[in-house]
Amino acid sequence: MEQHATGDALFRNSLSAVVDVCISFSGTAVDVGSVRLELSPSSALTYYYYTVPDETQSVYVVNASGKMAGPNPFQNLQKELTVNGECFRYFDISSFEELAELPYSIRVLLESAVRNCDNFQVLEKDVRGILSWKSTKSIKTDVELEIPFKPARVILQDFTGVPAVVDFAAMRDAVLKLGGDPDKINPICPSDLVIDHSVQVDFARTPDALNKNQDLEFERNKERFTFLKWGAKAFNNMLIIPPGSGIVHQVNLEYLARVVFQDDTKSKDGSKILYPDSVVGTDSHTTMINGLGVVGWGVGGIEAEAVMLGQAISMLLPEVIGYKLSGKLNPLVTSTDLVLTITKNLRQIGVVGKFVEFFGPGVSELSIADRATISNMCPEYGATVGYFPIDQNALDYLRQTNRAEDKVQVIEAYLKATNQLRNFSDASQDPVYTQVIELDLGTVVTSVSGPKRPHDRVSVSDMQKDFQECLTNKVGFKGFAIPDAQLKTEGSFSWTDGNTYSLRHGSVVIAAITSCTNTSNPSVMLGAGLLAKKAVALGLKVAPYIKTSLSPGSGVVTYYLKESGVVPALEELGFHVVGYGCMTCIGNSGPLDDNIANTIEKNNLVCCGVLSGNRNFEGRIHPNTRANYLASPLLVIAYALAGTVDIDFEKEPIGTTPEGNNVFLRDIWPTRAEIQEVERQHVIPAMFRDVYAKVELGASSWQSLNAPTGKLYPWDNASTYIKHPPFFETMTRDLPKIGNIVGARALLNLGDSVTTDHISPAGSIARNSPAARYLSERGLTPREYNSYGSRRGNDAVMARGTFANIRLVNKLVSGAGPRTLHIPSGEEMDVFDCAERYAQEGTSLIAIVGKDYGSGSSRDWAAKGPYLLGIKAVIAESYERIHRSNLVGMGIVPLQYLEGQNAETVGLTGKELFNIVLPDNLKPHDKITVETDSGLKFQVIVRFDTEVDLEYFRNGGILNYMIRKMIA
């Protein structure tokens with residue numbers, strides 16, 4: 001008998017002697033042959049896998065409630081496929097009559113359910129439910145169908161990956177403490193971690209900026225990197241890509257993605273099982289891989305950890321919005337303009353919690369890099385995925401990026417055999433969608449988005465007018481409330497070249513070609529290079545005080561930029577390579593010169609950052625850039641040359657030649673045909689082969705790191721980067737009783753669109769913050785503080801950084817900032833200090849928030865932080881999908897006002913005492929009553945969306961659930 005998952009030791013050892021197996025159950029005991037297993041009440045969700053050596057080689061599963069899973073009921077769908085003489089097996093979902101009408105993204109969910117169906121974790125009715133998609137989701141209904149989904153793999157970046165590895169290490173300690181085997185805690189699902197979020201633009205505009213930034217990155221993050229290197233050795237089934245290799249989503253696209261898995265571990269006869277690649281990641285822009293036809297999306301770190309441990313994701317069968325593309329892009333328009341157009345369009349329609357699937361003849365006009373750009377910004381338009389089914393262009397991309405030809409042939413054969421290969425020009429292949437939206441590519445115009453949100457698209461022709469209106473609009477997403485008398489304010493400063501320069505509203509002080517959104521796309525990167533080349537030829541220059549930077553998403557980008565001959569022009573304009581990572585896009589823009597920062601602050605100027613990123617939320621890019629615009633790499637250079645966003649490129653010159661002749665943007669803008677010709681010549685498979693052949697080795701600085709050995713991590717109590725988290729300190733083997741929330745205070749009363757940047761900022765640590773005080777008390781100087789993101793492995797720093805955003809607007813206090821009111825005393829203080837005081841007083845806490853709470857990047861600390869602050873529940877008007885899931889994963893109760901209600905309509909001030917009773921028989925979407933000491937009562941919906949959500953909550957969180965499962 002072959003064991004697939006371990007159970008009770010006696011049970012495990014005795015089974016090896018069993019030949020004729022008969023399984024039965026009664027009460028709290030299970031009989032397997034002559035072996036009887038007594039089950040404790042706390043092991044109610046434990047199950048065991050065994051392969052029984054009978055004629056069918058069936059896989060049986062026994063759980064503590066006596067349920068048993070027999071053979072996969074869809075085993076008859078398994079077929080053989082021979083490619084180049086090698087035999088493979090696969091589950092033929094094309095056998096289902098319903099398949100032809102299912103969206104291609106839903107087919108991936110279907111295949112996973114069919115392949116993993118054991119009538120225990122995945123039920124036969126789950127498969128039937130997915131097959132019934134047309135009747136339940138092709139029209140808008142209130143029918144909600146919960147389904148399990150087992151992704152093929154997990155991908156992490158280091159900001160969110162470090163806490164995951166920290167949690168795994170702490171879980172090993174907890175399992176040992178509770179009497180279990182800590183070696184059980186390993187990724188079961190293949191997991192990749194790319195270190196890309198640590199490098200910062202400390203140095204720019206010099207040839208040695210790259211080396212200086214990377215040296216500083218290692219100096220700041222040596223503890224984190226050493227810990228991750230330990231994790232790479234200590235945990236099985238985990239690949240770690242060292243720093244300096246590129247951005248996680250671009251490395252995923254160019255190197256890690258399988259498209260179709262060829263798995264030789266799941267077949268009884270040794271042949272490989274074929275199935276679609278799918279992925280969840282600890283970053284919301286995991287969706288970028290949708291552009292290559294891989295279904296994937298971002299989840300919270302704690303949910304990803306559960307998948308790493310072999311758990312299925314519980315999800316609601318989604319509506320699928322068909323987005324039909326037709327026509328062709330204008331020769332002067334880029335994929336960035338297209339994605340900003342789509343983002344605004346879909347935000348207006350509303351696609352949160354839905355799949356978006358692109359189809360139509362226009363898709364064939366887009367390269368895989370173009371599609372990946374569109375999929376990358378899926379979180380900005382709010383969908384779960386922005387999916388492009390696999391077509392011949394995708395297969396050609398695999399060849400271009402040096403994937404093995406024999407594997408590509410297997411992928412193609414499998415996709416054809418299962419009706420998963422798409423021809424976008426063949427309308428007969430179009431499936432049924434919930435709703436169809438159409439876009440003529442020819443209507444797309446050159447655009448940017450901002451100044452504070454990625455879906456606030458503005459055509460470049462309207463940019464000057466829009467910015468001027470934003471200056472005087474009341475404070476909001478499109479307003480700064482600058483008084484008329486201050487609209488012409490200027491501030492001067494001296495620069496290192498001996499000259500005096502002036503800043504005014506609209507002045508550009510940061511111009512960054514950054515982010516996998518665009519650096520993964522050769523067309524816009526080479527386009528920027530060609531624009532730079534033309535600008536330099538005409539003698540144009542970028543003002544020396546503008547912080548310009550180029551951070552490619554992989555070494556391949558630098559390779560083809562050099563080979564195409566555009567690097568000298570880019571460097572002449574100040575766009576030197578500064579690092580291989582996310583950098584400015586995630587707030588790692590580094591410091592501005594003090595002269596510039598002081599001039600901006602002294603004169604209350606609205607100065608600007610322009611970046612080729614995917615996020616521009618207020619306070620994210622840099623504290624001194626109040627307006628930030630997303631733009632193509634070409635426009636990043638254009639606005640850097642102009643020095644301001646307050647310009648009409650059609651009417652005003654971008655600069656002048658040394659002879660005094662005006663140069664307009666149209667004079668230096670390359671056409672799509674020009675760009676494509678250069679791309680055809682210089683983006684070749686050999687580049688991908690050379691770069692990725694050594695990507696796992698890392699630089700010498702990585703190779704020389706001495707990491708600890710052993711299965712248990714030797715925690716260093718003096719470390720300010722890696723700290724043993726307190727999540728399991730009071731954990732017991734038995735389930736805790738659900739407790740009511742009594743006499744709670746509101747720690748915060750927030751409005752709409754509070755993002756994860758507001759909750760758990762990824763930028764620098766302010767010198768006057770609680771986190772800074774904590775680090776200072778441990779002997780660190782401000783220069784050594786590093787960023788919050790780099791310290792996500794230390795819960796003490798991150799708890800103090802929770803709600804530490806300088807733009808946070810809390811209705812309990814006046815003005816923006818990380819402050820709140822201690823209600824009993826009436827004292828205003830930092831959020832962390834207030835939470836600590838409430839904890840000392842024994843007071844439970846809640847948070848009152850508005851619409852779209854938790855939008856933005858998926859961050860586990862946006863849930864872990866509030867948990868450590870003592871927040872037991874959140875009352876919101878609505879939630880961002882991933883963040884709600886993360887709150888549940890930490891045992892925080894997500895409550896939602898009834899339709900049409902919010903804090904104002906029910907009459908809350910935030911200064912009340914709150915009582916919230918949680919019944920023992922709580923069910924998903926139950927309505928409960930919130931009572932206050934003022935006599936106010938109102939109903940809320942408990943946003944536990946599934947039974948799995950409830951199970952996590954009852955256990956005190958998803959990780960506690962997993963530990964109990966491992967030790968039962």
Side-chain angles (χ1 to χ4, degrees), residues 201-205 448 450-452 458 460 463-473 475 478-514 535 540-549 573-575 584 587 589-611 616 618-631 635-649 652-656 665 763-764 806-807 816:
V201 192
D202 288 283
F203 300 94
R205 299 194 69 145
V448 298
K452 302 181 185 181
V458 184
V460 170
M463 177 62 172
Q464 184 176 53
K465 178 175 177 289
D466 187 83
F467 176 74
Q468 291 174 355
E469 289 175 349
C470 286
L471 287 178
T472 56
N473 288 345
V475 173
K478 297 286 287 185
F480 299 98
I482 301 297
D484 290 344
Q486 297 178 18
L487 289 176
K488 301 298 183 182
T489 299
E490 290 189 13
S492 300
F493 61 94
S494 298
W495 194 245
T496 54
D497 61 3
N499 292 320
T500 298
Y501 295 91
S502 295
L503 296 179
R504 57 186 62 84
H505 298 302
S507 290
V508 174
V509 293
I510 291 177
I513 299 176
T514 181
L540 303 187
K541 296 182 181 297
V542 174
Y545 62 82
I546 297 177
K547 190 168 188 178
T548 49
S549 60
L573 297 181
F575 288 91
T584 299
S589 54
L592 286 175
D593 184 88
D594 286 343
N595 288 324
I596 295 174
N598 292 337
T599 301
I600 293 171
E601 293 170 7
K602 180 180 178 181
N603 295 281
N604 191 32
L605 295 176
V606 179
C607 287
C608 303
V610 183
L611 64 151
N616 57 343
E618 193 172 14
R620 178 185 178 94
I621 305 306
H622 193 281
N624 292 122
T625 56
R626 293 164 65 184
N628 295 281
Y629 289 92
L630 306 182
L635 283 175
V636 170
I637 295 179
Y639 281 111
L641 288 166
T644 180
V645 299
D646 190 3
I647 182 174
D648 184 339
F649 283 130
E652 300 175 63
I654 196 170
T656 58
L665 180 57
S764 59
I806 60 172
R807 305 297 181 192

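Position 1 is the first residue of the sequence; numbering continues from there.
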(message) Assess the residue pair L592 and H622 against the criterion (side chain to side chain contact (heavy atoms under 4.5 Å, CB included)); give the C-alpha distance rounded to whole Å, side-chain angles, the decisive distance to 0.1 Å, and a yes or no.
(response) CA-CA 9 Å; L592 286 175; H622 193 281; 3.8 Å; yes
Is there side-chain contact between [X] and [Y], with at least one heavy-atom pair below 4.5 Å?
{"X": "R626", "Y": "P451", "result": "no"}
{"X": "Y639", "Y": "V460", "result": "yes"}
{"X": "L611", "Y": "Y629", "result": "no"}
{"X": "Q486", "Y": "N604", "result": "yes"}
{"X": "N628", "Y": "R620", "result": "no"}

Show the nearest heavy-atom pair for residues [X] and [Y], with the distance to one decimal.
{"X": "S494", "Y": "N595", "result": "O-ND2, 3.4 Å"}
{"X": "L487", "Y": "H505", "result": "O-CD2, 3.3 Å"}
{"X": "I621", "Y": "S589", "result": "O-OG, 2.6 Å"}
{"X": "V610", "Y": "L635", "result": "CG1-O, 4.5 Å"}
{"X": "C608", "Y": "V645", "result": "SG-CG2, 3.6 Å"}
{"X": "A642", "Y": "I647", "result": "CB-CD1, 3.9 Å"}

(request) Assess whether side chain to side chain contact (heavy atoms under 4.5 Å, CB included) is satisfied between I637 and L573, documenting all intermediate values. (result) CA-CA 8 Å; I637 295 179; L573 297 181; 3.9 Å; yes
(message) With no hydrogens and no angle check, just 3.5 Å: does a side-chain donor-acceptor pair link S492 and T500?
(response)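 On atom types as modelled, these side chains do not qualify, holding no pair under 3.5 Å.
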Do side-chain atoms of [X] reach the backbone of [Y] as a donor and acceptor pair under 3.5 angstrom?
{"X": "R205", "Y": "I546", "answer": "yes"}
{"X": "T644", "Y": "G506", "answer": "yes"}
{"X": "K547", "Y": "P591", "answer": "yes"}

(request) Take K465 and D648 through the test salt bridge (Lys or Arg N to Asp or Glu O under 4.0 Å) and record every step on the way to the result. (result) CA-CA 8 Å; K465 178 175 177 289; D648 184 339; over 6 Å; no
(request) Quick one: list whatever passes ring-ring contact (aromatic ring centres under 6.0 Å, His included) with F480, sequence neighbours left out. (result)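 Expected list: none.
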(message) Determine whether the aromatic ring centres of residues Y545 and F493 are separated by less than 6.0 angstrom.
(response)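 Yes, the ring centres sit under 6.0 Å apart.
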(request) Dump the intermediate steps for side chain to side chain contact (heavy atoms under 4.5 Å, CB included) on I596 and N624, then the final yes or no. (result) CA-CA 9 Å; I596 295 174; N624 292 122; over 6 Å; no
(message) So, using salt bridge (charged side-chain N to carboxylate O under 4.0 Å, His left out) as the criterion, who are the partners of D646 when residues are at least two apart?
(response)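 Salt bridge (charged side-chain N to carboxylate O under 4.0 Å, His left out) check on D646 returns nothing, list empty.
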(request) For side chain to side chain contact (heavy atoms under 4.5 Å, CB included), just list the numbers for T625 and V509, CA-CA rounded to whole Å, side-chain angles, deciding distance to a tenth of an Å, and then say yes or no. (result) CA-CA 8 Å; T625 56; V509 293; 3.6 Å; yes
(request) State which residues pass side-chain hydrogen bond (donor to acceptor under 3.5 Å, both in side chains) with S549; sequence neighbours excluded, sorted by chain then number. (result)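 For S549, no residue satisfies side-chain hydrogen bond (donor to acceptor under 3.5 Å, both in side chains) once neighbours in sequence are set aside.
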